[in-house]
Amino acid sequence: MKRMNRRTVLRGLAGTTIALPWLEAMDVPKAHGAPGVSDTGFPKRFIVWSTHNGFHPPIWNPGGGETDFVLRPVHAALEPFRKDLVIVAGLNDAAFARGGGDLHSRGMCTFLSGTESIVNTAVNTGLGGESKSAGGITLDQEIVKRLAPKTKFPSLEMNFLDGGGAYGTISYLDANKPLPGARDPVTVFNRIFAGGTGGGPVSDPAAAARLQADHRSILDAVGKTYQGLLPKLGMADRDKVDSHLTQIRDLEKRLQIASPAAAGSPAASGCPKTVAAPGGTDRPAQAAAFVDILATAIACDLTRVSSMQWDRTTGNSVYSWLGVSRGHHDMSHDGDERTDTMADLTKIHTFYTQHLAKLMTRLKAIPEGNGTALDNTLILQACDLARGNQGHTATNKFHMLLGHAGGALKNGGRVLRYNGDANNKLFVSILNMFDIPATSFGNPTLPQGPLAQL
Amino acid sequence: MTQGHSCVRNLRREVFVPGPTAATWAAVLMVAFAACTGAIQSGGPLDDNVAPGPSSPGGGAAGGGSPKTPGSQAQPPTPGALPAPSVPGDRPVSQTCKAIEPGPTLIRRLTRLEYNNTVRDLLGTISQPANVFPPETVVHSFDNEAASLTASPVLIEEYLGAAERVATDAVDNRLIATLGCDPAKDGEDACAGKFFENFGKRAYRRPLTAEDRTILTDVYNAGKVNGGFKGGIRLSLATMLASVHFLYRVEFGAPPKAGETVTSLTPWELATRLSYLIWRSMPDTNLLAAAEANKLTTRTEVDAQITRMLADPKARDTVADFYEQWLRLRGIETITKDPMVYPAFHSDTAGLMKQETLKFVDSVVWDGDGSLAQLYTAPFTFVNTALAKYYGLPAPAGAGFGKVSGDTQARAGLLTQGGLMSVLAQENQTHPIRRGTFVRKDLLCQTLLPPPDGIKIEFPPVNATLTGRERFVQHRADPLCATCHTLIDPIGFGFENFDGIGQFRRKENGKDIDVSGEVVGLAGGGQFNGAAELGGLLARSEEAASCVVVAWFRYGYGRDLAGDADACSMDMLKRAFTASKFKITDLITTLARTDAFQFRRVITPGGLQ
């Protein structure tokens with residue numbers, strides 16, 4: 001049997017390549033005009049690109065005006081993409097402001113959910129402590145839910161340094177339903193390219209068919225155990241078990257997608273015939289691997305929604321490979337006047353931005369109709385908090401939109417400055433760009449959008 | 001203003017008077033710090049909790065107890081109304097505790113640790129297949145809060161993949177042992193049927209139902225089409241491992257009498273609760289046999305099982321897991337320190353320090369007097385040669401870890417061990433705020449609130465002339481900081497003998513380190529000199545003991561306290577803990593005796609839980 005035995009075979013085999021057998025089976029582009037499809041008939045993709053521990057205005061905020069803005073060194077790698085970006089400055093996380101308790105976990109939980117977090121109340125006091133979950137679905141998953149793309153993977157969550165838990169998760173299916181990012185690129189690679197249960201390729205067609213039949217039999221039987229239990233449960237348990245069952249059913253369907261049955265997959269030109277397994281276990285190699293995986297997954301239409309999370313809030317890793325010796329979080333508290341710290345933070349953010357530029361370069365190299373995959377992608381670059389110092393505020397936040405969302409994000413190359421509008425409005429605008437006719441997102445009692453000028 | 005990691009608005013103390021007859025655990029003392037109220041934006045309503053009321057002196061039994069109907073107050077007990085097992089004689093004695101109130105019970109998905117343990121005990125699988133599953137959300141220090149253990153697409157894929165791998169391994173390598181019968185002799189289908197019954201009872205932790213049999217037989221037959229007998233077994237085994245009855249702890253309780261809202265557990269459910277409480281794994285053969293024979297109905301029978309189970313090494317693993325999580329040692333292996341500042345700290349140092357604490361806990365809890373006091377004050381630790389050298393302690397006898405003592409004024413108890421000190425530090429200096437906060441929040445279960453919005457929070461840079469205490473002078477100079485940091489910093493400064501990598505020092509930058517500290521507001525006085533003395537304070541502190549009960553409640557039951565609903569269970573736990581002189585294994589035993597553990601609410605399908 002030619003099935004890759006994932007995890008065991010690939011680990012340590014840097015440079016191994018995997019053939020992607022589905023290339024011959026590409027679907028033709030769907031008619032444009034369908035939700036989540038670009039003007040030219042290609043699928044729209046949404047990527048969250050999140051960094052943490054806040055921003056620091058002197059090294060971050062661009063100078064100049066709306067169109068003649070001047071990027072700081074941290075953003076220098078994006079200079080070639082000036083026309084592909086819109087900076088959205090000055091929004092507030094309105095849900096954050098209404099929440100209580102610990103700022104770090106709260107910031108992560110409200111970050112993309114637009115609603116108040118679920119807070120642990122301390123024993124016997126009723127006082128808010130740490131947040132333990134977003135209070136509802138996050139923007140990325142709302143797009144998955146509303147567009148329900150028939151891709152192999154509904155979404156792909158990845159985390160470079162440190163994740164999981166309320167301090168380290170940005171994506172939620174719903175309250176208390178976190179989607180922590182995978183931290184090991186080898187694990188992600190194996191999952192999506194190398195015979196993973198999620199439906200990666202199996203080279204031998206007979207073995208693939210047998211495997212698929214086995215999967216179907218098991219999942220069908222397993223699903224019945226959940227189904228049979230549902231009517232007997234109380235409300236909260238029923239919700240939990242039903243969610244599990246729904247995801248089993250989704251997996252059954254996903255396993256039947258033998259090829260990236262996409263509306264307008266970019267065919268052979270974008271999706272490589274082989275992919276290389278992640279090479280190296282050091283941090284720079286892992287960062288590069290994540291970008292590779294993400295770009296390939298987009299190119300092959302394995303998923304249309306993804307989040308690339310670079311750390312957790314309070315993440316205190318030492319970026320020693322950049323010549324930085326202090327922990328990121330500890331540095332993030334330093335004042336703007338600390339030039340030594342700002343120099344180190346510049347190195348860290350430059351590292352992130354260079355990878356962002358690398359991803360955009362990859363997407364721009366994938367032809368889709370008259371344009372490229374970058375034209376059909378929207379990347380939301382943001383941080384859970386506005387600032388690392390100055391008390392961890394979530395007001396006057398900095399967001400960057402990159403790509404063109406299939407033509408829905410027009411007039412790139414601008415800096416839009418707002419004066420405290422709720423970021424819920426931005427989320428509504430983004431949903432609208434994906435042809436989702438939302439008028440609010442998150443807590444509907446917060447100021448809702450869409451955002452003017454966007 | 002310099003670092004203010006958390007701002008305290010209210011300190012409420014649970015008064016916890018040791019002694020079997022005084023257990024007013026929920027009485028509250030509130031200290032308001034006016035200048036810090038700005039820290040709160042929309043804190044929840046202050047819950048002036050209702051104490052369960054004074055205990056009845058004498059500790060008499062309150063009868064078998066009767067289910068309490070929510071909304072109705074303290075109905076007279078109707079002994080015998082409940083099916084066994086109730087454990088009269090051990091019921092809390094407060095007036096309000098006459099009725100049984102188990103608190104909420106949510107369905108619980110296995111954690112990664114529980115999954116690994118369970119497939120090990122079920123099939124002999126030692127590959128720890130759950131290590132690649134997504135991480136749990138840690139709530140109140142622990143990974144097993146039921147409400148947070150939900151599913152995600154990645155997890156569903158991993159469940160299927162792990163079930164397949166584990167099943168394939170069992171079928172390919174241990175078929176006959178797994179089956180418990182020989183298909184050549186017994187006939188394939190008959191053997192498969194036996195396998196479903198016997199193995200299924202262990203996998204589902206209860207006898208199979210007709211519905212279970214149908215599902216398994218169908219998938220077995222489907223598997224036979226492509227893969228013959230082995231294929232059928234493989235698929236049915238994989239199905240069991242991904243089914244709701246394996247991955248979740250499904251409970252309905254014993255059939256309740258009409259109108260009752262609380263019920264006891266079936267013997268199978270009680271066996272399962274016991275095994276996941278004490279072992280974090282499935283029941284073993286002995287326990288399942290006891291359930292099957294209905295031998296878990298009396299206090300004596302249950303106690304005998306608890307005693308037996310606590311003597312098993314798996315119970316030691318559970319205690320180790322509790323402390324690993326509670327003391328933030330999980331994942332400590334990956335912490336980094338600045339090699340310019342701390343050249344002695346190597347890539348394996350943190351792992352050794354974790355071993356130190358876990359071996360220490362194991363020794364105290366299981367081989368020593370097992371008390372909380374000993375954990376906080378024991379004048380010894382466990383090191384190997386490398387770690388002994390690192391700490392400047394005498395080398396142990398032998399090649400591995402061994403018990404050693406050094407200057408017991410300097411090093412005694414958990415709080416003086418390198419792992420905790422390194423976690424609660426920065427990469428290039430100590431972190432007195434993090435250390436003080438840890439004591440308040442994690443060891444005393446007090447609430448700390450964040451500093452006011454917009455305050456500049458900046459950590460003082462490493463300074464070649466100042467001590468840690470001097471670096472944080474701003475916390476005292478600025479009244480806005482001082483009101484809150486008065487509660488945090490004096491605790492943190494008491495740890496300053498331990499640098500950012502857990503090495504002991506008496507001087508910093510050529511200056512003597514002043515480690516006088518105070519836990520302001522601690523009952524009976526909170527002044528101490530150095531971390532070892534702080535351990536002594538906590539060893540005698542009712543609040544610290546109470547907090548240990550809270551932590552074990554959360555860890556043991558996979559949920560937070562539910563206020564009044566758990567008042568009686570907490571009452572019982574605290575009184576028993578006190579009576580046992582704060583012995584950890586006795587606390588675990590008592591966890592298995594409370595209402596919260598022995599009973600559950602009757603399920604109303606589709607109803608509120």
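Worth saying up front: this structure is predicted, and the values here are computed from it rather than measured. Just so it is clear: chains get the letters A, B, ... in the order the sequence lines come, proteins before strands, and each one is counted from 1.
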Closest-packed option against chain A by number of heavy-atom pairs under 4.5 Å, given B/Thr150, B/Val244, B/Asn226: B/Val244
Proximal component of A/Pro154, with respect to chain B [non-hydrogen, under 4.5 Å]: side chain
Less than 4.0 angstrom from a charged side-chain N to a carboxylate O is my criterion; do A/Arg216 and A/Glu252 meet it? no
Decide whether A/Ser155 and A/Gln141 meet the rule of one side-chain donor and one side-chain acceptor closer than 3.5 Å. yes
Is A/Ala182 in contact with chain B via its backbone, its side chain, both, or neither, using a 4.5 Å heavy-atom distance? neither
Side chain / backbone / both / neither for A/Leu173 at chain B, heavy atoms under 4.5 Å: side chain
Which atoms of A/Leu229 are under 4.5 Å from chain B, going by heavy atoms: the side chain, the backbone, both sets, or neither? side chain
B/Thr137 and A/Lys132: which non-hydrogen atoms are nearest, and at how many Å? CG2-O, 3.7 Å
Check whether A/Val318 gets within reach of chain B through its side chain, its backbone, both or neither, counting any heavy atom under 4.5 Å. both
With only heavy atoms counted, which part of A/Arg338 is less than 4.5 Å from chain B, the side chain, the backbone, both or neither? side chain
Side chain from CB out, backbone as N, CA, C, O: work out which of these in A/Ala175 comes under 4.5 Å of a heavy atom of chain B, or both, or neither. neither
Any residue meeting ring-ring contact (aromatic ring centres under 6.0 Å, His included) with A/Tyr167, in chain and number order, not counting sequence neighbours: none
Heavy-atom proximity to chain B below 4.5 Å, by part of A/Ser133: neither
Taking the side chain from B/Asp143 and the backbone from B/Glu136, do they hold a donor-acceptor pair closer than 3.5 Å? no
Under a 4.5 Å cut-off applied to non-hydrogen side-chain atoms, are B/His245 and B/Met240 in contact? no
